[in-house]
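A short write-up of the structure that comes next.
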Amino acid sequence: MGTLEDTVIYLDNAATTYPKNGDCLRQALEQYLTLGASPGRGGYDRAMDSEEAVTAVRTRIARFFGAGQDARVCFANNATDALNTLIQGLVSRGSHVVSSRLEHNSILRPLHHLHKQGLITFDLVPFDAQGFITPAAVAAAIKPETCLVILTHASNVLGTVQPIRQIGEICRAHSVPLVLDVAQSAGVVPIDMQEWDVQGIAFTGHKSLLGPTGIGGLVVTPEIDPLPSRFGGTGIDSLNLFQPLIYPYRLEAGTVNLLGIIALGESLAYIESRYEAAFLREVALLQQLRDGLRPCRRIRILALDELQDHLPILTCTVDGMASTDVGTILDGDFDIAVRTGLHCAPLVHADLGTFDNGAIRFSLGPFTTEAEIAQTVRAMSIIAA
Ligand SMILES: Cc1ncc(COP(=O)(O)O)c(C=O)c1O
């Protein structure tokens, strides 16, 4: 593993997981140094080997997300990049999109941008007091001109994992594709696109997939065919002055991030067999944190009455204190790293009444320990005393 100074308690895993998996990264670097050549850009052995390595990771990703044999996997820089590709590729003039008030700016901003351009309209369904979107609310928002339902699988503020199977049934009944932002959930809870009737996902490598930054992507089933929204070299069909419409080139222009892809493949191999057990451990730590903070009168924990369907994320406020001040004290006096403010999801905070002061988010990871949680509870009790 990568090293973090011994004294620092890192509870910002929802931003990016830490420590990084040093073994996977070193193995990936070794392979990268050996392969070297640009995948899909030459008929010589090295280039073919690189292409094979990339294809193997595509296959692993499709399997990891239960996408089926005929799924298409395209790489992107991160979830934001993949979400932009999916949204722009799936809407057209006059389209209506359904999303939610739980979303991260990586969905809200593309939707607002396209709306401002006069291209689309959209509705954002609310979430309930415990941070869940109801399938009935999604059903009520779908209109005849709805071309896409796009939702976060799990809230990055509240950690709530949404009832996607039931929402998938609703979308199927209305013949509207369902696309998920799995930036937070991938690598923490199992995801099964086929079983849940999900036609597209956008993922990022550097959070709970335990890979490096700069690599992410999308997976789509043959039921949807996003149009390309960026154009350029693909290494095939070079005479064609238009973007080839076959996958993955349709949604991948330019040289792919070979080192990042190989590293992601290594980290998937690392977590595949162990992440479900890791999740149970993290939920136990979440309970320790929640139960430890509950007696503090000035601490208000947001939407965590039940631990079921929750990622290991706890967000709270301290009465009378700005969240950034709490974060600064946690960092400066206790060496605890957390994320404060609005977490790039302003509507969640608007609806929870935490817009002005923001909130303090503790996001646990596979390497968080009981002792670290105990120290965090002590630090918060002192701050809130
Ligand atoms: C729910 C959610 N979606 C999307 C993203 C964007 O991920 P990235 O910055 O890797 O593109 C994040 C990052 O925090 C997130 O929490």
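When a ligand or atom number is given, it counts from 1 through the structure's own listing order. All figures in this text were calculated on a predicted structure; none of them were measured in a lab.
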- Message: Quick test: of every protein heavy atom, which one is nearest to atom 4 (C) of ligand 1, and how far off is it to 0.1 Å?
- Response: S106 OG, 3.1 Å
- Query: Among protein heavy atoms, which sits nearest to atom 15 (C) of ligand 1, and what does the distance come to when rounded to 0.1 Å?
  - Reply: H104 CD2, 3.4 Å
- Task: Considering only non-hydrogen protein atoms, determine which one is nearest to atom 9 (O) of ligand 1 and report residue, atom name and distance to 0.1 Å.
- Result: T80 OG1, 3.8 Å
- Query: What atoms in ligand 1 come closer than 4.0 Å to a heavy atom of T204?
  - Reply: 8 (P), 10 (O)
- Query: Who's the nearest protein heavy-atom neighbour of atom 1 (C) of ligand 1, and how far?
  - Reply: D181 OD2, 3.5 Å
- Item | Backbone N/O of T234 and side chain of E252: donor-acceptor pair under 3.5 Å | no
- Message: Can you name the atoms of ligand 1, numbered from 1 with element, that are less than 4.0 Å from a heavy atom of T152?
- Response: 1 (C)
- Salt bridge between R165 and D197, side-chain N to carboxylate O under 4.0 Å? no
- Task: Kindly give the heavy-atom pair with the smallest separation between I224 and Y247, and that separation in Å.
- Result: O-OH, 3.7 Å
- For ligand 1, which atoms, with element, lie under 4.0 Å from some heavy atom of N78? 8 (P), 10 (O), 11 (O)
- Query: Got the closest protein heavy atom to atom 13 (C) of ligand 1, with its distance?
  - Reply: K207 NZ, 2.7 Å
- Quick one: does ligand 1 sit under 4.0 Å from the side chain of H343, the backbone, both or neither, non-hydrogen atoms only? neither
- Is D319 salt-bridged to R297, going by a charged N under 4.0 Å from an acidic O? no
- Note on the structure: In short, L258 meets S50 closest at the heavy-atom pair CD2-OG, 3.9 Å
- Taking NZ, NE, NH1 and NH2 as the nitrogens, is one of them in D23 or R26 under 4.0 Å from a carboxylate oxygen of the other? yes
- Task: Return the residue, atom name and 0.1 Å-rounded distance of the protein heavy atom closest to atom 16 (O) of ligand 1.
- Result: Q184 NE2, 2.7 Å
- Message: Distance under 4.0 Å to a non-hydrogen atom of A183: what atoms of ligand 1 satisfy this?
- Response: 2 (C), 3 (N), 4 (C), 5 (C), 12 (C), 15 (C)
- Does any N or O in the side chain of Q184 come within less than 3.5 Å of the main-chain N or O of N156, such that one atom is a donor and the other an acceptor? no
- Message: Taking distance alone, with N or O pairs closer than 3.5 Å, would you say A79 contacts ligand 1?
- Response: yes
- Would Y275 and F64 satisfy ring pair (Phe, Tyr, Trp, His ring centres under 6.0 Å), going step by step from the backbone distance to the final call? CA-CA 12 Å; Y275 75 108; F64 187 78; 5.4 Å; yes
